[in-house]
Student: 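Dumping the structure here so I can ask a few things about it.
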Amino acid sequence: MVYVYGIPNCATVKKARAWLAAQGVDHAFHDFKKLGVPTQRLDAWLAALGWEALLNRRGTTWRQLDDATRAGVTDVTTARALMLAKPSVIRRPVVEWDDAVTVGFDPDDWQRRC
């Protein structure tokens, strides 16, 4: 089973879920807005990917933060706290495959995994 984490109205998450469905890949979706960010999963993602890969600095949520908050994100501890407080700052989708965790949508990479 593939697990997809994100926000349902995110365009990239929509593309990713549609791609998985089109490929016939059985998957479950975890909605950050409704269910929050699972802390144990977040810790595993941070360990596997690193906080810089997981932090979405291009998104609206990041841009709307004040300068002091953005400047205060300097390591895994501060990034984790921000991700728990504002899940929309997590790059999406986070996908847990049988053997790996990925972030973002890359159909070529995903095709190799399926």
Side-chain angles (χ1 to χ4, degrees):
M1 170 77 70
V2 174
Y3 294 91
V4 179
Y5 297 82
I7 297 167
N9 63 345
C10 170
T12 307
V13 170
K14 286 179 184 179
K15 282 188 239 177
R17 293 178 71 193
W19 186 93
L20 289 168
Q23 304 302 312
V25 176
D26 191 25
H27 65 282
F29 179 67
H30 180 100
D31 182 348
F32 288 157
K33 293 281 189 184
K34 289 183 180 177
L35 303 171
V37 177
T39 55
Q40 289 180 326
R41 301 310 322 134
L42 178 60
D43 292 340
W45 304 335
L46 289 166
L49 302 168
W51 68 272
E52 291 174 317
L54 209 51
L55 184 65
N56 183 4
R57 289 188 168 124
R58 294 186 215 160
T60 304
T61 303
W62 177 260
R63 290 191 309 266
Q64 290 176 345
L65 296 172
D66 61 72
D67 291 340
T69 301
R70 286 194 306 258
V73 179
T74 58
D75 59 18
V76 68
T77 303
T78 53
R80 181 183 185 275
L82 179 63
M83 290 174 191
L84 289 171
K86 298 203 175 280
S88 295
V89 81
I90 298 173
R91 190 169 160 226
R92 303 173 296 270
V94 177
V95 182
E96 293 180 342
W97 306 90
D98 290 335
D99 62 345
V101 176
T102 62
V103 65
F105 176 53
D106 181 347
D108 293 333
D109 177 55
W110 288 23
Q111 188 65 49
R112 288 187 292 275
R113 295 179 183 282
C114 292

Student: Nearest 0.5 Å please: distance from the CD atom of E52 over to the CG atom of D75.
Tutor: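 The CG atom of D75 is 10.0 Å from CD of E52, to the nearest 0.5 Å.
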Student: Cation over ring, R17 on F29, under 6.0 Å and within 45°?
Tutor: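 Yes, R17 and F29 form such a contact.
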Student: Same cluster or not: V2 versus W19, using hydrophobic residues (I, L, V, M, F, W, Y) connected whenever any side-chain heavy atoms lie under 4.5 Å apart?
Tutor: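 Both belong to a single hydrophobic cluster.
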Student: Once side-chain hydrogen bond (donor to acceptor under 3.5 Å, both in side chains) is applied, do any residues pair with T77, and if so which ones, sequence neighbours excluded?
Tutor: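 Partners of T77 under the side-chain hydrogen bond (donor to acceptor under 3.5 Å, both in side chains) test: none.
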Student: Over 60° means perpendicular and under 30° means parallel, so tell me whether F32 and H30 are parallel, tilted or perpendicular.
Tutor: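 F32 vs H30 ring planes: perpendicular.
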Student: For residues 98-110, which side-chain N or O atoms pair as donor and acceptor with protein atoms under 3.5 Å away, sequence neighbours left out?
Tutor:
{"from": "T102", "atom 1": "OG1", "to": "W97", "atom 2": "NE1", "distance (Å)": "2.9"}
{"from": "D106", "atom 1": "OD1", "to": "D108", "atom 2": "N", "distance (Å)": "3.2"}
{"from": "D106", "atom 1": "OD1", "to": "D109", "atom 2": "N", "distance (Å)": "3.3"}
{"from": "D109", "atom 1": "OD2", "to": "R113", "atom 2": "NE", "distance (Å)": "3.0"}

Student: How many angstroms lie between atom CD1 of I7 and atom NZ of K14, to the nearest 0.5 angstrom?
Tutor: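 So the gap between those two atoms works out to 12.0 Å.
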Student: Taking atom CG of L55 and atom CD1 of I90, what is their separation to the nearest 0.5 Å?
Tutor: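 Going from the CG atom of L55 to the CD1 atom of I90 covers 9.0 Å.
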Student: With side chains defined as the heavy atoms from C-beta onward, is the minimum distance between R91 and R58 less than 4.5 Å?
Tutor: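 No, their side chains stay 4.5 Å or more apart.
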Student: Indicate yes or no for a side-chain donor-acceptor contact from T78 to the backbone of T74 under 3.5 Å, with no hydrogens or angles considered.
Tutor: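 Yes; at least one donor-acceptor contact below 3.5 Å.
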Student: Once rounded to the nearest 0.5 Å, what's the spacing between atom SG of C10 and atom CG of D31?
Tutor: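 Answer for the SG-CG pair, C10 versus D31, is 11.0 Å.
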Student: If you look at every heavy atom in H27 and V4, which pair is closest and at what distance?
Tutor: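 Shortest heavy-atom separation between H27 and V4 comes out as CD2-CG2, 4.1 Å.
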Student: For a quick test of reading the model, state the closest non-hydrogen atom pair linking S88 to T61 and the distance between them.
Tutor: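 Minimum heavy-atom separation between S88 and T61: CB-OG1, 3.1 Å.
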Student: Please examine the side chains of R92 and T12, heavy atoms only from C-beta on, and report whether any two atoms are closer than 4.5 Å.
Tutor: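 Not in contact.
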Student: Would you mind reporting whether W62 and R70 have side-chain heavy atoms less than 4.5 Å apart?
Tutor: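 Side-chain contact under 4.5 Å: yes.
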Student: Could you tell me if the side chain of V13 sits less than 4.5 Å from the side chain of P8, heavy atoms only?
Tutor: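 In short, these two side chains do not touch, never coming nearer than 4.5 Å.
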Student: Do W51 and V95 belong to the same hydrophobic cluster, where Ile, Leu, Val, Met, Phe, Trp and Tyr are linked whenever their side-chain heavy atoms lie under 4.5 Å apart, directly or via other members?
Tutor: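 Shared cluster, no.
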Student: So Q64 and T60, do their side chains get closer than 4.5 Å, heavy atoms only?
Tutor: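 The answer is yes, as the side chains (C-beta and beyond) meet within the 4.5 Å cut-off.
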Student: Which donor-acceptor pairs under 3.5 Å do side chains of residues 34-46 form with protein atoms, sequence neighbours excluded?
Tutor:
{"from": "R41", "atom 1": "NE", "to": "E96", "atom 2": "OE2", "distance (Å)": "2.6"}
{"from": "R41", "atom 1": "NH2", "to": "E96", "atom 2": "OE2", "distance (Å)": "2.8"}
{"from": "D43", "atom 1": "OD1", "to": "R80", "atom 2": "NE", "distance (Å)": "2.5"}
{"from": "D43", "atom 1": "OD1", "to": "R80", "atom 2": "NH2", "distance (Å)": "3.4"}
{"from": "D43", "atom 1": "OD2", "to": "R80", "atom 2": "NH2", "distance (Å)": "3.4"}
{"from": "W45", "atom 1": "NE1", "to": "E96", "atom 2": "OE2", "distance (Å)": "2.9"}

